[in-house]
Number of protein chains: 2
Amino acid sequence: MAGTVSDKQGSAATRNTIQRALVLEAVRSLHDHPTSADVYEAVRRTYPNISRATVYRNLGVLANRGDVLRVEVPNGADRYDFFNEPHYHAKCRVCGRIVDVDMPYESDIASKVSDAHGFAIEGHEIIFDGVCPACQKAGA
Amino acid sequence: MAGTVSDKQGSAATRNTIQRALVLEAVRSLHDHPTSADVYEAVRRTYPNISRATVYRNLGVLANRGDVLRVEVPNGADRYDFFNEPHYHAKCRVCGRIVDVDMPYESDIASKVSDAHGFAIEGHEIIFDGVCPACQKAGA
DNA sequence: TTATCTGCAAATACTTTGCAGGTTT
DNA sequence: AAACCTGCAAAGTATTTGCAGATAA
């Protein structure tokens, strides 16, 4: 690539702080779509004085950068994911757990929309609703 | 503990209260995916003493009954819709407005999922992300 | 040096819940 | 009468923000 990493294009400069590195590391090590609370607890184990605000702010910075993927969950805390490629999610209606689903990502899905009332569609998310294996067993 | 309740099939009996009727009427008359706050304001115009808690509780009852459709929006208040048939939604990333999109509802979409880690899929929602016409004009 | 970042606390946004009294059936 | 419902206030959950001091570059 001819582009440089220092091409900030008008966005504010970002620093490399211990806290930010720890937040990124935590998201990478927690493979189960951690919430901000999960990340906070994980970072606290090695850096007890970090504040929730710092975790929230850094998750925001990292998501904007594309270093992590933010999964916005209806009626639940946002989840974070180490970004590989776009994919869809399923949420357990009993325990709230989020899992990735293996289904082709339809990048041209907007072409199926015949009328969005003038909306300029820029992205989409599909969230499946169901019951996870653990809750199936518990409820049976 | 059988035999105490008549024919309610396990669900609690529901009453017809003025508040519940007004909440349903408000959702039917507000055609723009009202939030609970919108419904609260609408009902208050004719019934000033209703409380937010009653509005929330009744929206829940009506959604469980299937009389209204609850649209759970990531990072925003839930929206309510008079139920016709399942459909998808788009959310403006600037102002948060929700609109219906005109796209075929894929009731068999779960057949496209090759692996959901044992999830029993029961439903799905697609939320498009974009910019509404008003915000396009305002931002241009 | 200085703009960014941090921790703390307070604030915000949305929703639920405990309680005591009122209403529907 | 019994079960359900209501209003109020308080609590709960998730996230953001103002501020003053700390720190990366």
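The chains referred to below are lettered A, B, ... by the order of the sequence lines, with proteins before strands, and numbering in each begins at 1.
Residue B:Tyr47 contributes atom OH, which lies 10 Å from atom C1' of C:dG22 at whole-angstrom precision. Atom CD in A:Glu72 sits roughly 18 Å away from atom P in C:dA13 (whole-Å rounding). Between the CG atom of B:Asn58 and the C1' atom of C:dT17 there is a distance of 15 Å, rounded to whole Å. D:dG7 atom P lies 12 Å from atom CZ of B:Arg20, rounded to whole Å. In this structure, CG of B:Leu59 is placed 15 Å from P of C:dT17, rounded to the nearest angstrom. One can place CG of B:Asn49 at 14 Å from C1' of C:dG22, the figure rounded to the nearest angstrom. Following rounding to the nearest Å, B:Asp38 (CG) and C:dC14 (C1') show an atom-to-atom distance of 13 Å. One atom, CD1 of B:Ile18, and another, P of D:dT6, lie 10 Å apart when rounded to the nearest Å.
For the pair B:Arg70 and A:Thr17, both in contact range of DNA chain C, the more 5′-proximal nearest nucleotide belongs to A:Thr17. A residue-by-residue look at B:Asn16 and B:Tyr56 shows that B:Tyr56 has its nearest nucleotide of DNA chain C further toward the 5' end. Residues B:Thr54 and B:Asn75 each lie close to DNA chain D; by heavy-atom proximity, the contact nearer the 5' end of the strand is made by B:Thr54.
Residue-level contact check: B:Thr35 touches neither bases nor backbone, having no heavy atom under 4.0 Å from any strand. Counting any heavy atom pair closer than 4.0 Å across all strands shown, A:Ala53 reaches a base atom.
One finds no side-chain N or O of B:Thr14 lying less than 4.0 angstrom from the OP1 or OP2 phosphate oxygen of D:dC5. Taking 4.0 angstrom as the limit, B:Gln19 places none of its side-chain polar atoms (N or O) nearer than this to OP1 or OP2 of C:dT23.
A salt bridge is absent between B:Asp32 and B:Arg79: the closest approach of a Lys/Arg side-chain nitrogen to an acidic carboxylate oxygen does not fall below 4.0 angstrom.
Sorted by first and then second residue, the ring-ring contact (aromatic ring centres under 6.0 Å, His included) pairs with a member in residues 101-123 of chain A read A:Tyr88-A:Tyr105, A:Tyr105-A:His124; sequence neighbours excluded.
When the nucleotides D:dG7, D:dC5, C:dG7 are ranked by their closest atom to the side chain of A:Ser51, C:dG7 comes out on top. Distance from the side chain of B:Asp78 is smallest for C:dT15 among the nucleotides C:dT15, D:dT15, D:dG7. Considering only side-chain atoms of A:Arg15, the nucleotide from D:dC8, C:dA3, D:dA14 that sits closest is C:dA3.
Between the base of D:dT16 and the side chain of A:Arg57 there is no donor-acceptor pair shorter than 3.5 Å.
In summary, the side chains of A:Thr14 and A:Arg65 do present a donor paired with an acceptor at a separation below 3.5 Å, with no hydrogens or angles considered. Checked by atom type, the side-chain pair B:His87/B:Asp81 shows a donor-acceptor distance below 3.5 Å. Side-chain polar atoms of A:Asp100 and A:His33 form a donor-acceptor pair below 3.5 angstrom.
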